[in-house]
Amino acid sequence: MYPEDLKYTAEHEWVKAGEEGPVRVGITDFAQDALGDIVYVQLPEVGAAVRAGDACGELESTKSVSDLFAPVNGTVTAVNEALADQPDLVNTDPYGEGWLLDIRVDDEDEVAALMDADTYKGQLDQS
Amino acid sequence: MTSLKKSPLHERHVALGAKFAEFGGWEMPLEYGGVVAEHTAVRTSVGVFDVSHLGKATVTGPGAAAYVNSCLTNDLGKIGPGQAQYTLCCAEDGGVVDDLIAYLHADDDVFLIPNAANTAEVVRRLAEQAPDGVVVTNTHDDYAILAVQGTHSDDVVAAIGLPTGHDYMAFAVADHDGTPVVVCRTGYTGERGYELVVPNAAAVAVFDALLAAGEQYGIVPAGLGARDTLRTEMGYPLHGQDISPEITPVQARSGWAVGWKKPHFWGDAALRAEKEAGPARILRGLRAVGRGIPRPHMTVAGAEGTPLGEVTSGTFSPTLKKGIALALLDAAVVEGDQVTVDIRGRQEAFEVVKPPFVTVNVRQS
(Lines give C-alpha, C1' and ligand atoms only; values in the text may rest on other atoms or scores of the structure.)
Protein backbone atom coordinates (compact mmCIF):
# COMPACT_ATOMS: atom_id res chain seq x y z
CA MET A 1 0.00 0.00 0.00
CA TYR A 2 2.89 2.39 0.80
CA PRO A 3 5.96 1.49 -1.26
CA GLU A 4 9.26 1.67 0.61
CA ASP A 5 11.09 3.45 -2.21
CA LEU A 6 8.85 6.54 -2.04
CA LYS A 7 8.86 9.62 0.17
CA TYR A 8 5.63 10.95 1.67
CA THR A 9 4.09 14.24 2.78
CA ALA A 10 1.57 15.09 5.50
CA GLU A 11 -0.79 16.04 2.66
CA HIS A 12 -0.87 12.38 1.55
CA GLU A 13 1.29 12.79 -1.52
CA TRP A 14 4.17 10.61 -2.58
CA VAL A 15 7.43 11.68 -4.20
CA LYS A 16 9.70 9.37 -6.14
CA ALA A 17 13.24 10.57 -6.69
CA GLY A 18 14.89 9.40 -9.91
CA GLU A 19 18.55 8.73 -10.53
CA GLU A 20 18.93 12.21 -11.95
CA GLY A 21 16.46 14.84 -12.98
CA PRO A 22 12.89 15.47 -11.90
CA VAL A 23 10.93 13.72 -9.17
CA ARG A 24 7.53 12.15 -9.83
CA VAL A 25 4.55 13.11 -7.63
CA GLY A 26 1.23 11.44 -6.93
CA ILE A 27 -1.24 10.88 -4.12
CA THR A 28 -1.20 7.94 -1.74
CA ASP A 29 -3.56 5.00 -1.59
CA PHE A 30 -5.01 6.48 1.59
CA ALA A 31 -5.74 9.75 -0.21
CA GLN A 32 -7.38 8.19 -3.26
CA ASP A 33 -9.58 6.05 -1.02
CA ALA A 34 -10.57 9.01 1.14
CA LEU A 35 -11.40 11.16 -1.90
CA GLY A 36 -13.52 8.52 -3.60
CA ASP A 37 -14.00 8.29 -7.36
CA ILE A 38 -11.85 10.98 -8.94
CA VAL A 39 -13.58 12.51 -11.94
CA TYR A 40 -11.44 15.53 -12.80
CA VAL A 41 -7.81 16.42 -12.25
CA GLN A 42 -6.57 19.97 -12.70
CA LEU A 43 -2.78 20.14 -13.00
CA PRO A 44 -0.35 23.07 -13.36
CA GLU A 45 1.16 24.05 -16.70
CA VAL A 46 4.47 22.51 -17.70
CA GLY A 47 7.12 25.09 -16.89
CA ALA A 48 5.23 26.52 -13.93
CA ALA A 49 7.18 27.21 -10.76
CA VAL A 50 5.64 25.60 -7.67
CA ARG A 51 6.33 26.25 -4.01
CA ALA A 52 6.23 23.58 -1.32
CA GLY A 53 2.93 23.66 0.56
CA ASP A 54 1.16 25.83 -2.02
CA ALA A 55 -1.86 24.59 -3.97
CA CYS A 56 -0.84 23.81 -7.55
CA GLY A 57 -3.86 21.88 -8.78
CA GLU A 58 -7.12 20.20 -7.82
CA LEU A 59 -8.47 16.69 -7.51
CA GLU A 60 -12.22 16.52 -7.88
CA SER A 61 -14.31 13.53 -6.86
CA THR A 62 -18.02 12.98 -7.40
CA LYS A 63 -18.69 14.68 -4.10
CA SER A 64 -15.97 17.21 -3.40
CA VAL A 65 -12.82 18.97 -4.53
CA SER A 66 -9.42 18.91 -2.85
CA ASP A 67 -6.33 20.97 -3.46
CA LEU A 68 -3.17 19.38 -4.74
CA PHE A 69 -0.23 20.77 -2.77
CA ALA A 70 3.25 20.95 -4.20
CA PRO A 71 5.45 18.71 -2.01
CA VAL A 72 8.67 20.57 -2.85
CA ASN A 73 9.92 23.80 -4.46
CA GLY A 74 10.70 23.42 -8.13
CA THR A 75 9.56 23.61 -11.74
CA VAL A 76 6.95 21.40 -13.40
CA THR A 77 8.55 19.40 -16.22
CA ALA A 78 5.63 17.12 -17.13
CA VAL A 79 2.04 16.37 -16.17
CA ASN A 80 0.13 13.12 -16.68
CA GLU A 81 -1.89 13.89 -19.81
CA ALA A 82 -3.72 10.55 -19.59
CA LEU A 83 -5.68 11.82 -16.59
CA ALA A 84 -7.63 14.23 -18.79
CA ASP A 85 -9.58 11.28 -20.20
CA GLN A 86 -9.02 8.73 -17.43
CA PRO A 87 -8.94 10.53 -14.08
CA ASP A 88 -9.89 7.23 -12.41
CA LEU A 89 -6.31 6.02 -12.98
CA VAL A 90 -5.55 7.91 -9.75
CA ASN A 91 -7.90 5.52 -7.94
CA THR A 92 -6.93 2.31 -9.68
CA ASP A 93 -3.14 2.80 -9.83
CA PRO A 94 -2.12 5.70 -7.57
CA TYR A 95 1.61 4.85 -7.60
CA GLY A 96 1.81 3.93 -11.29
CA GLU A 97 -0.35 5.11 -14.17
CA GLY A 98 -2.17 7.47 -11.84
CA TRP A 99 0.90 9.67 -11.25
CA LEU A 100 0.21 13.41 -11.36
CA LEU A 101 3.28 15.45 -12.28
CA ASP A 102 7.06 15.62 -12.50
CA ILE A 103 8.97 18.41 -10.76
CA ARG A 104 12.60 19.45 -11.16
CA VAL A 105 13.38 20.27 -7.54
CA ASP A 106 15.36 23.32 -6.52
CA ASP A 107 17.12 21.50 -3.72
CA GLU A 108 17.50 17.70 -3.47
CA ASP A 109 17.67 17.94 0.31
CA GLU A 110 13.99 18.86 0.38
CA VAL A 111 13.10 15.41 -0.94
CA ALA A 112 15.39 13.69 1.53
CA ALA A 113 13.65 15.55 4.37
CA LEU A 114 10.21 14.11 3.53
CA MET A 115 8.76 11.17 5.47
CA ASP A 116 9.74 7.60 4.69
CA ALA A 117 7.07 4.91 4.34
CA ASP A 118 7.23 3.78 7.97
CA THR A 119 6.89 7.32 9.31
CA TYR A 120 3.95 8.01 6.98
CA LYS A 121 2.22 4.77 8.01
CA GLY A 122 2.79 5.68 11.64
CA GLN A 123 1.11 9.01 11.06
CA LEU A 124 -1.88 7.33 9.40
CA ASP A 125 -2.24 4.91 12.30
CA GLN A 126 -2.41 7.80 14.75
CA SER A 127 -5.15 9.65 12.84
CA MET B 1 -23.41 16.82 20.35
CA THR B 2 -26.10 14.18 20.14
CA SER B 3 -25.10 10.84 18.70
CA LEU B 4 -26.25 9.95 15.21
CA LYS B 5 -29.09 7.54 14.63
CA LYS B 6 -28.30 4.34 12.80
CA SER B 7 -30.27 2.29 10.31
CA PRO B 8 -31.38 -1.21 11.37
CA LEU B 9 -29.07 -2.32 8.52
CA HIS B 10 -26.00 -0.56 9.96
CA GLU B 11 -24.08 -3.75 10.74
CA ARG B 12 -24.72 -4.99 7.21
CA HIS B 13 -23.26 -1.78 5.78
CA VAL B 14 -20.19 -2.08 7.98
CA ALA B 15 -19.70 -5.66 6.78
CA LEU B 16 -20.06 -4.49 3.16
CA GLY B 17 -17.26 -1.97 3.68
CA ALA B 18 -19.39 1.16 3.46
CA LYS B 19 -18.06 4.65 4.02
CA PHE B 20 -20.54 6.57 6.12
CA ALA B 21 -21.70 10.17 6.24
CA GLU B 22 -24.24 12.12 8.22
CA PHE B 23 -27.62 12.73 6.63
CA GLY B 24 -30.20 14.63 8.68
CA GLY B 25 -28.94 13.27 11.97
CA TRP B 26 -28.44 9.71 10.71
CA GLU B 27 -25.20 7.90 9.98
CA MET B 28 -25.87 6.38 6.56
CA PRO B 29 -23.80 4.71 3.80
CA LEU B 30 -22.24 7.24 1.43
CA GLU B 31 -20.69 4.63 -0.84
CA TYR B 32 -19.48 1.04 -0.86
CA GLY B 33 -17.42 0.36 -3.98
CA GLY B 34 -17.36 3.85 -5.48
CA VAL B 35 -20.03 6.34 -6.48
CA VAL B 36 -19.49 5.95 -10.22
CA ALA B 37 -19.78 2.14 -10.22
CA GLU B 38 -22.91 2.27 -8.05
CA HIS B 39 -24.44 4.97 -10.24
CA THR B 40 -23.71 2.96 -13.37
CA ALA B 41 -25.17 -0.24 -11.88
CA VAL B 42 -28.46 1.56 -11.22
CA ARG B 43 -28.52 3.10 -14.71
CA THR B 44 -27.72 -0.20 -16.44
CA SER B 45 -29.02 -2.99 -14.17
CA VAL B 46 -30.11 -2.63 -10.55
CA GLY B 47 -28.99 -1.30 -7.18
CA VAL B 48 -30.43 -1.27 -3.66
CA PHE B 49 -30.27 1.79 -1.40
CA ASP B 50 -30.89 1.94 2.32
CA VAL B 51 -32.86 5.15 2.82
CA SER B 52 -34.08 4.33 6.31
CA HIS B 53 -33.12 7.84 7.44
CA LEU B 54 -36.17 9.14 5.57
CA GLY B 55 -38.96 10.12 7.89
CA LYS B 56 -42.17 8.20 8.45
CA ALA B 57 -45.36 9.53 9.96
CA THR B 58 -49.01 8.56 10.00
CA VAL B 59 -52.10 10.74 9.90
CA THR B 60 -55.11 8.68 10.96
CA GLY B 61 -58.70 9.07 12.04
CA PRO B 62 -61.91 10.23 10.37
CA GLY B 63 -61.12 12.89 7.78
CA ALA B 64 -57.35 12.27 7.87
CA ALA B 65 -56.90 12.47 4.09
CA ALA B 66 -59.10 15.56 3.80
CA TYR B 67 -57.09 17.22 6.54
CA VAL B 68 -53.75 16.41 4.86
CA ASN B 69 -55.21 17.72 1.60
CA SER B 70 -56.04 21.04 3.26
CA CYS B 71 -52.42 21.43 4.43
CA LEU B 72 -50.02 20.00 1.82
CA THR B 73 -49.82 21.47 -1.68
CA ASN B 74 -50.67 18.64 -4.07
CA ASP B 75 -54.26 17.55 -4.66
CA LEU B 76 -54.77 14.28 -2.81
CA GLY B 77 -58.19 14.10 -4.47
CA LYS B 78 -56.43 13.18 -7.73
CA ILE B 79 -55.41 9.78 -6.37
CA GLY B 80 -57.23 6.90 -4.74
CA PRO B 81 -56.36 4.37 -2.04
CA GLY B 82 -53.26 2.39 -3.05
CA GLN B 83 -51.62 5.38 -4.72
CA ALA B 84 -48.87 7.71 -3.56
CA GLN B 85 -48.18 11.31 -4.45
CA TYR B 86 -45.27 13.76 -4.35
CA THR B 87 -46.32 16.82 -2.37
CA LEU B 88 -44.93 19.79 -0.47
CA CYS B 89 -45.35 21.21 2.99
CA CYS B 90 -45.11 24.98 2.62
CA ALA B 91 -44.94 27.81 5.10
CA GLU B 92 -47.43 30.67 4.88
CA ASP B 93 -44.87 32.72 2.91
CA GLY B 94 -44.69 29.98 0.27
CA GLY B 95 -41.24 28.70 1.29
CA VAL B 96 -40.85 24.94 1.40
CA VAL B 97 -40.71 23.36 4.87
CA ASP B 98 -40.27 19.95 3.24
CA ASP B 99 -41.10 17.83 0.22
CA LEU B 100 -42.57 14.42 0.90
CA ILE B 101 -44.40 11.42 -0.47
CA ALA B 102 -47.96 10.81 0.78
CA TYR B 103 -49.25 7.24 0.65
CA LEU B 104 -53.04 7.17 0.61
CA HIS B 105 -54.06 3.94 2.34
CA ALA B 106 -57.66 5.05 3.01
CA ASP B 107 -59.62 8.22 3.67
CA ASP B 108 -58.76 7.82 7.34
CA ASP B 109 -55.17 6.60 6.91
CA VAL B 110 -52.31 8.50 5.24
CA PHE B 111 -48.64 7.56 5.53
CA LEU B 112 -46.04 10.28 4.97
CA ILE B 113 -42.37 10.05 4.03
CA PRO B 114 -40.72 13.41 4.75
CA ASN B 115 -36.97 14.10 4.72
CA ALA B 116 -35.00 12.97 7.77
CA ALA B 117 -34.06 16.45 8.97
CA ASN B 118 -37.59 17.85 8.56
CA THR B 119 -39.76 15.06 9.93
CA ALA B 120 -40.18 16.48 13.41
CA GLU B 121 -41.17 19.88 12.00
CA VAL B 122 -43.68 18.45 9.50
CA VAL B 123 -45.23 16.34 12.25
CA ARG B 124 -45.33 19.34 14.59
CA ARG B 125 -47.12 21.51 12.03
CA LEU B 126 -49.64 18.81 11.12
CA ALA B 127 -50.33 17.88 14.75
CA GLU B 128 -50.76 21.50 15.81
CA GLN B 129 -53.74 22.12 13.54
CA ALA B 130 -55.22 18.61 13.39
CA PRO B 131 -58.99 18.55 13.97
CA ASP B 132 -60.49 16.43 16.72
CA GLY B 133 -60.17 12.75 15.95
CA VAL B 134 -57.23 13.12 13.53
CA VAL B 135 -54.00 11.84 15.06
CA VAL B 136 -50.52 12.61 13.71
CA THR B 137 -47.82 10.17 14.83
CA ASN B 138 -44.08 10.30 14.20
CA THR B 139 -43.00 6.73 13.36
CA HIS B 140 -39.53 7.74 12.14
CA ASP B 141 -37.64 4.96 13.92
CA ASP B 142 -40.08 2.11 13.28
CA TYR B 143 -39.34 1.23 9.67
CA ALA B 144 -36.48 0.68 7.27
CA ILE B 145 -36.90 1.92 3.71
CA LEU B 146 -35.12 0.11 0.89
CA ALA B 147 -35.08 1.52 -2.63
CA VAL B 148 -34.58 -1.07 -5.39
CA GLN B 149 -33.84 0.89 -8.54
CA GLY B 150 -32.98 -0.03 -12.12
CA THR B 151 -34.30 -1.98 -15.09
CA HIS B 152 -33.96 -5.28 -13.21
CA SER B 153 -35.76 -4.04 -10.09
CA ASP B 154 -38.92 -5.99 -10.97
CA ASP B 155 -36.95 -9.23 -11.27
CA VAL B 156 -35.33 -8.73 -7.89
CA VAL B 157 -38.43 -7.64 -5.98
CA ALA B 158 -40.53 -10.41 -7.54
CA ALA B 159 -37.87 -13.00 -6.70
CA ILE B 160 -38.33 -12.39 -2.99
CA GLY B 161 -42.08 -12.87 -3.30
CA LEU B 162 -43.20 -9.25 -3.32
CA PRO B 163 -45.63 -7.75 -5.83
CA THR B 164 -44.31 -5.85 -8.88
CA GLY B 165 -45.62 -4.35 -12.08
CA HIS B 166 -48.00 -1.86 -10.54
CA ASP B 167 -48.40 1.59 -12.05
CA TYR B 168 -45.94 4.39 -11.38
CA MET B 169 -46.64 5.83 -7.89
CA ALA B 170 -48.99 2.97 -6.98
CA PHE B 171 -48.28 0.73 -4.00
CA ALA B 172 -49.29 -2.65 -2.62
CA VAL B 173 -49.10 -4.05 0.90
CA ALA B 174 -47.74 -7.58 0.87
CA ASP B 175 -46.67 -10.23 3.32
CA HIS B 176 -42.99 -11.16 3.66
CA ASP B 177 -42.58 -14.05 6.11
CA GLY B 178 -45.40 -12.74 8.25
CA THR B 179 -44.39 -9.08 8.11
CA PRO B 180 -46.40 -6.51 6.15
CA VAL B 181 -44.19 -4.72 3.60
CA VAL B 182 -45.34 -1.75 1.52
CA VAL B 183 -44.03 -1.86 -2.04
CA CYS B 184 -44.37 1.43 -3.94
CA ARG B 185 -43.37 2.05 -7.54
CA THR B 186 -41.33 5.14 -6.86
CA GLY B 187 -37.77 6.33 -6.38
CA TYR B 188 -35.32 9.19 -6.70
CA THR B 189 -33.07 7.97 -9.50
CA GLY B 190 -35.01 8.30 -12.76
CA GLU B 191 -34.99 4.54 -13.24
CA ARG B 192 -37.87 2.13 -12.95
CA GLY B 193 -37.92 0.95 -9.37
CA TYR B 194 -39.59 0.34 -6.04
CA GLU B 195 -39.32 1.63 -2.51
CA LEU B 196 -40.06 -0.91 0.22
CA VAL B 197 -41.26 0.22 3.65
CA VAL B 198 -40.24 -2.58 6.00
CA PRO B 199 -40.81 -2.84 9.76
CA ASN B 200 -37.41 -2.74 11.51
CA ALA B 201 -37.53 -6.34 12.68
CA ALA B 202 -37.67 -7.63 9.10
CA ALA B 203 -35.19 -5.16 7.58
CA VAL B 204 -32.11 -7.38 7.61
CA ALA B 205 -33.98 -10.37 6.18
CA VAL B 206 -35.43 -8.32 3.32
CA PHE B 207 -32.09 -6.63 2.56
CA ASP B 208 -30.24 -9.97 2.51
CA ALA B 209 -32.93 -11.52 0.32
CA LEU B 210 -32.76 -8.65 -2.18
CA LEU B 211 -28.96 -8.88 -2.48
CA ALA B 212 -29.13 -12.65 -2.94
CA ALA B 213 -31.92 -12.46 -5.50
CA GLY B 214 -30.16 -9.71 -7.40
CA GLU B 215 -26.83 -11.45 -7.65
CA GLN B 216 -27.56 -12.80 -11.13
CA TYR B 217 -28.28 -9.25 -12.31
CA GLY B 218 -25.14 -7.80 -10.77
CA ILE B 219 -27.03 -5.96 -8.02
CA VAL B 220 -24.90 -3.65 -5.89
CA PRO B 221 -25.64 -1.93 -2.61
CA ALA B 222 -25.65 1.75 -3.53
CA GLY B 223 -24.96 4.64 -1.19
CA LEU B 224 -26.37 8.10 -0.83
CA GLY B 225 -23.50 9.51 -2.92
CA ALA B 226 -24.82 7.70 -5.98
CA ARG B 227 -28.38 8.61 -5.03
CA ASP B 228 -27.32 12.27 -5.23
CA THR B 229 -25.63 12.00 -8.65
CA LEU B 230 -28.62 10.00 -9.97
CA ARG B 231 -31.20 12.50 -8.75
CA THR B 232 -29.17 15.46 -9.98
CA GLU B 233 -29.01 13.94 -13.47
CA MET B 234 -32.82 13.86 -13.33
CA GLY B 235 -33.09 17.42 -12.06
CA TYR B 236 -35.03 16.21 -9.01
CA PRO B 237 -34.83 18.92 -6.33
CA LEU B 238 -33.19 18.22 -2.96
CA HIS B 239 -34.71 19.96 0.04
CA GLY B 240 -32.24 22.33 1.66
CA GLN B 241 -30.55 23.01 -1.68
CA ASP B 242 -32.95 23.40 -4.62
CA ILE B 243 -36.10 23.94 -2.57
CA SER B 244 -36.00 25.38 0.93
CA PRO B 245 -37.77 27.81 3.23
CA GLU B 246 -36.22 30.51 0.99
CA ILE B 247 -37.02 28.86 -2.37
CA THR B 248 -40.69 28.43 -3.29
CA PRO B 249 -42.14 25.72 -5.56
CA VAL B 250 -43.04 28.44 -8.09
CA GLN B 251 -39.35 29.38 -8.33
CA ALA B 252 -38.25 25.73 -8.34
CA ARG B 253 -40.69 24.86 -11.15
CA SER B 254 -42.43 22.40 -8.84
CA GLY B 255 -45.82 23.96 -9.53
CA TRP B 256 -46.94 20.60 -10.93
CA ALA B 257 -46.99 19.39 -7.30
CA VAL B 258 -49.38 22.16 -6.26
CA GLY B 259 -53.14 21.66 -6.42
CA TRP B 260 -53.93 25.16 -7.66
CA LYS B 261 -57.65 24.39 -7.88
CA LYS B 262 -57.89 23.45 -4.21
CA PRO B 263 -59.57 26.03 -1.97
CA HIS B 264 -56.75 26.00 0.56
CA PHE B 265 -53.33 24.66 1.41
CA TRP B 266 -50.53 26.08 3.54
CA GLY B 267 -48.90 28.98 1.72
CA ASP B 268 -51.60 29.20 -0.94
CA ALA B 269 -52.05 32.98 -0.84
CA ALA B 270 -48.34 33.69 -1.22
CA LEU B 271 -47.86 31.05 -3.91
CA ARG B 272 -50.87 32.15 -5.95
CA ALA B 273 -49.61 35.75 -5.83
CA GLU B 274 -46.12 34.74 -6.90
CA LYS B 275 -47.46 32.56 -9.71
CA GLU B 276 -49.67 35.41 -10.94
CA ALA B 277 -46.86 37.99 -10.87
CA GLY B 278 -44.26 35.57 -12.20
CA PRO B 279 -41.28 34.49 -10.09
CA ALA B 280 -38.22 36.76 -9.95
CA ARG B 281 -35.92 33.74 -10.18
CA ILE B 282 -36.28 30.28 -11.66
CA LEU B 283 -34.51 26.96 -11.09
CA ARG B 284 -32.74 25.99 -14.34
CA GLY B 285 -30.40 23.26 -15.49
CA LEU B 286 -26.77 23.97 -16.43
CA ARG B 287 -24.58 21.66 -18.49
CA ALA B 288 -20.82 22.19 -18.75
CA VAL B 289 -19.34 23.12 -22.11
CA GLY B 290 -15.85 22.30 -20.83
CA ARG B 291 -14.58 20.30 -17.89
CA GLY B 292 -15.69 22.41 -14.95
CA ILE B 293 -17.69 20.77 -12.16
CA PRO B 294 -20.11 23.17 -10.46
CA ARG B 295 -20.87 23.01 -6.73
CA PRO B 296 -23.58 24.59 -4.55
CA HIS B 297 -23.33 28.35 -3.96
CA MET B 298 -21.02 29.05 -6.90
CA THR B 299 -21.96 32.26 -8.70
CA VAL B 300 -23.53 32.11 -12.15
CA ALA B 301 -22.94 35.10 -14.42
CA GLY B 302 -23.90 36.27 -17.90
CA ALA B 303 -21.74 37.23 -20.84
CA GLU B 304 -20.64 40.57 -19.39
CA GLY B 305 -20.02 39.15 -15.95
CA THR B 306 -23.43 40.23 -14.66
CA PRO B 307 -24.40 38.04 -11.69
CA LEU B 308 -27.50 35.98 -12.53
CA GLY B 309 -27.79 33.76 -9.47
CA GLU B 310 -26.13 30.74 -7.93
CA VAL B 311 -25.77 27.00 -8.20
CA THR B 312 -28.05 25.09 -5.79
CA SER B 313 -26.93 21.55 -6.69
CA GLY B 314 -23.94 20.64 -8.79
CA THR B 315 -21.95 17.53 -9.49
CA PHE B 316 -20.13 15.46 -12.05
CA SER B 317 -22.60 13.46 -14.14
CA PRO B 318 -21.27 9.90 -14.42
CA THR B 319 -23.58 9.34 -17.41
CA LEU B 320 -22.62 12.47 -19.40
CA LYS B 321 -19.09 12.58 -17.99
CA LYS B 322 -19.33 16.32 -17.46
CA GLY B 323 -20.45 18.85 -14.91
CA ILE B 324 -24.16 19.51 -14.40
CA ALA B 325 -26.04 21.78 -12.04
CA LEU B 326 -29.34 23.12 -10.92
CA ALA B 327 -29.13 26.87 -10.44
CA LEU B 328 -31.54 29.49 -9.21
CA LEU B 329 -31.28 32.21 -11.86
CA ASP B 330 -32.80 35.55 -12.76
CA ALA B 331 -36.10 34.89 -14.54
CA ALA B 332 -34.79 36.60 -17.70
CA VAL B 333 -32.38 33.68 -18.30
CA VAL B 334 -33.83 31.13 -20.72
CA GLU B 335 -32.87 27.72 -22.04
CA GLY B 336 -30.14 27.90 -24.64
CA ASP B 337 -28.39 30.87 -23.00
CA GLN B 338 -24.67 30.64 -22.41
CA VAL B 339 -23.53 31.51 -18.90
CA THR B 340 -20.41 31.14 -16.80
CA VAL B 341 -19.93 29.59 -13.37
CA ASP B 342 -17.19 30.89 -11.10
CA ILE B 343 -15.39 27.69 -10.15
CA ARG B 344 -12.80 28.78 -7.61
CA GLY B 345 -11.83 31.80 -9.67
CA ARG B 346 -12.08 30.21 -13.11
CA GLN B 347 -14.97 31.32 -15.33
CA GLU B 348 -16.22 28.06 -16.83
CA ALA B 349 -18.75 28.04 -19.69
CA PHE B 350 -22.15 26.38 -19.23
CA GLU B 351 -25.29 26.09 -21.32
CA VAL B 352 -28.73 26.64 -19.77
CA VAL B 353 -30.78 23.48 -20.43
CA LYS B 354 -34.03 21.91 -19.33
CA PRO B 355 -33.58 18.95 -16.97
CA PRO B 356 -33.53 15.99 -16.95
CA PHE B 357 -29.96 15.79 -18.18
CA VAL B 358 -30.35 12.11 -19.14
CA THR B 359 -33.09 9.86 -20.55
CA VAL B 360 -35.95 9.18 -18.15
CA ASN B 361 -36.88 5.53 -17.62
CA VAL B 362 -38.99 5.92 -14.52
CA ARG B 363 -42.36 5.37 -16.16
CA GLN B 364 -41.26 2.69 -18.61
CA SER B 365 -43.52 -0.33 -18.62
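So that the names make sense, note that chain A is the first sequence line, chain B the second, and so on, each numbered from 1.
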Heavy-atom count check: over 12 atoms from other residues, nucleotides or ligands less than 6.0 Å from [X] [atom1]?
X: B:Arg346; atom1: CZ; result: yes
X: B:Glu215; atom1: CD; result: no
X: A:Glu108; atom1: CD; result: no
X: B:Gln347; atom1: CD; result: yes
X: B:Glu335; atom1: CD; result: yes

Contact class of A:Ala34 relative to chain B, heavy atoms under 4.5 angstrom: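 It is the backbone, since no side chain atom gets that close.
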
Toward chain B, the part of A:Asp33 with a non-hydrogen atom under 4.5 Å: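 Contact with chain B involves both backbone and side-chain atoms of A:Asp33.
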
Taking C-beta and beyond as the side chain, do [X] and [Y] meet within less than 4.5 Å on heavy atoms?
X: A:Val39; Y: B:Ile293; value: yes
X: B:Thr229; Y: A:Lys63; value: no
X: B:Arg344; Y: A:Gln42; value: no

Pair A:Asp85 + B:Arg291: basic N to acidic O under 4.0 Å: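 Result for this pair is yes, salt bridge flagged.
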
Region of B:Lys321 that comes under 4.5 Å of a non-hydrogen atom in chain A: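 Interface part for B:Lys321: neither.
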
Positions in residues 25-42 of chain B that reach chain A, provided some heavy atom is under 4.5 Å away: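 Under the 4.5 Å heavy-atom cut-off, B:Glu31, B:Gly34, B:Val35, B:Val36, B:Ala37 qualify.
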
